[in-house]
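Below is one structure, written out as structure tokens, with a few remarks after it.
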Amino acid sequence: MMILDTAITIQEHRLASLLAEGVRQARERNRPVLVSTVLRAPQYDPLVFFDHGARLADERVFWSSPSGDMVLAGVDRAWDISASGSTRFTHIATAWAELCGGALLDDPFGMMGTGPILMGGFSFDPLRPPTELWAGFPDGLMLLPRFLLTRADGANWLTINSVITPESTLAAETEKAQRVYELFDGDGELAPMAPGTIRQAEDVPEAAAWQEIVREVERNLRGGELGKVVLARQYRVQGRTVFNPARVLNRLRVQYNDCFLFAVARGERCFLGASPERLVRLRHENVRATCLAGSIARGATPEEDAQLGEELLASAKDRAEHEFVVRAICDNLAEVCGGRLSTGPLSLMKLRNIQHLFTPIVGRVSRGRNILDLVERLHPTPAMGGTPREPAMAMIREYEGMDRGWYAAPVGWIDARGEGEFAVAIRSALLRGSQAVLFAGCGIVAGSDPAREYAESCLKLRPMLSVLGGGA
Ligand SMILES: C=C(O[C@@H]1C=C(C(=O)O)C=C[C@H]1O)C(=O)O
């Protein structure tokens, strides 16, 4: 047994015998064998763990549910499952179930968010040809981290995953697993980010051109069959120095703690954000989904703020935009929840610089469902695509003229039982070195005003822009 300063205690003989059994089984069964060990971990900041991971590996993932209730920091890849096209969700779910089927688990605790967990995401539209911007982010990519630090209910857990193939050797697998010690090195603090780190920024397309697109789409919506189409745009930023994802996440954690924080880092690119929008959660057959659509600014005073909230609640246009989302989510979940589905009251979700109309949905599914099945049914909701779904997607392809990549698409995790949680990857940016591409979109309905939609998209860019150093 080896005890380190950081008090991570690994029973190395136990890990070694599990790995040896994995090597034996992989050869005997002539297939990959997943081996997973869960340990108690010290009170170490998962974000520091994520930051240290950059020294060790090209691939890192981060997830935090609102208020940090469940934090997952994954470093290095033990395995991945990628997929393209319209079968991407089922392909990944099937391959994952197969891998978990023959797994060797050493987990005396059984805590949610520990053990074998796949983390990653999907592109918004698998029918749109990909571009260089999103290289390394295919239609679907879920990573099994080699090392996963979980914070749940105030305690930390460390999972070490290995996937052993018939070609693996015990010595190589042991050596890879033991690199975990390097992640707990150092003082456990993140260096702060220097303020004013942005040198230059531009709207893509240019503001007037984007408003022209909104105008044209709005014209199409008047009297047509389409109810709503979401149009997005980019804001491209050039930093003074390379953006460090962990420091950016650290600022998001301070300023947007009520959101889902997520990051998927692959080589020099990192997609990250702070999204207020859950797509769906599945835990013990209980489903939760979020309808979020309809937006207005926060007020400078409590009175003004309350007045703006009232204005949003009374706005027929925003209510219509919101209702499309509620109806679609209920319809899509009704197929699996039947009558065990209920819609909470409409209220306001107040975020740091924007407020939204919000309706929670809860339901129950029968045993054996997996979260990816629910993600497939729900994505894209009319909050990100439009309604009806297919014609709205076709219109986005025709008018938007950009590669959304993983923006506005599902990002999250699934465990070995098929449970997990996905958020919608909005309020997000793709970092690459000292460059960042930020994304924001707005629901367009008949009667939408291009200038107001542009202003709303600016509000939605603000969270990422402020943490990148571009003002409040
Ligand atoms: C598309 C975005 O946000 C979505 C669009 C909203 C709207 O149009 O009112 C509100 C919340 C989100 O569902 C984004 O932030 O990029």
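Counting convention: from 1, in listed order, for ligands and their atoms alike. For clarity, every value in this text was computed on a predicted model and none was experimentally measured.
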**Fill in**
Among Glu453, Met349, Lys460, His356, closest by heavy atom to atom 7 (C) of ligand 1 is Lys460

**Asked** Are Asp305 and Lys350 within salt-bridge range, i.e. N to O under 4.0 Å?
**Response** yes

**Prompt:** Between Lys317 and Val445, is there a donor-acceptor pair closer than 3.5 Å when you use the side chain of the first and the backbone of the second?
**Reply:** no

**Complete:** Per-atom filter on ligand 1: closer than 4.0 angstrom to a heavy atom of Ala440 are 16 (O)

**Nearest-contact summary for atom 9 (O) of ligand 1 - protein heavy atom, Å** = Ser295 OG, 2.5 Å

**Request:** Say whether Cys442, considering both its backbone and side-chain N or O atoms, lies within less than 3.5 Å of an N or O atom on ligand 1.
**Result:** no

**Fill in**
shortest atom 8 (O) of ligand 1-to-protein heavy-atom contact is with Gly443 N, 2.9 Å

**Complete:** Here the pair of heavy atoms bringing Ile329 nearest to Cys291 is CD1-SG, 3.9 Å

**Message:** If you define the side chain from C-beta out and look only at heavy atoms, does anything of Trp157 sit under 4.5 Å from Leu149?
**Reply:** no

**Request:** Any atoms of ligand 1 less than 4.0 Å from a non-hydrogen atom of Glu456? List them with their elements.
**Result:** 7 (C), 8 (O), 9 (O)

**Asked** Taking NZ, NE, NH1 and NH2 as the nitrogens, is one of them in Glu216 or Arg219 under 4.0 Å from a carboxylate oxygen of the other?
**Response** no

**Message:** Using a 3.5 Å cut-off on N or O atoms only, is Gly294 in polar contact with ligand 1?
**Reply:** yes

**Request:** Compute the shortest N/O to N/O distance between Leu292 and ligand 1 and return yes if it is under 3.5 Å, no if not.
**Result:** yes

**Request:** With atom 3 (O) of ligand 1 as the reference point, say which of Arg427, Glu277, Glu321 has the nearest heavy atom.
**Result:** Arg427

**Fill in**
Test ring pair (Phe, Tyr, Trp, His ring centres under 6.0 Å), reference Phe262, set Phe50, Phe271, Tyr256, Phe62, output is Phe271

**Prompt:** Taking the side chain from Trp210 and the backbone from Ala232, do they hold a donor-acceptor pair closer than 3.5 Å?
**Reply:** yes

**Item:** Residue and atom name of the nearest protein heavy atom (relative to atom 2 (C) of ligand 1), distance in Å to one decimal
**Value:** Gly441 O, 3.3 Å

**Request:** Look at the rings of Trp406 and Phe137 and say which category their plane angle falls in: under 30° parallel, 30 to 60° tilted, over 60° perpendicular.
**Result:** perpendicular

**Request:** Considering only non-hydrogen protein atoms, determine which one is nearest to atom 16 (O) of ligand 1 and report residue, atom name and distance to 0.1 Å.
**Result:** Tyr407 OH, 2.5 Å

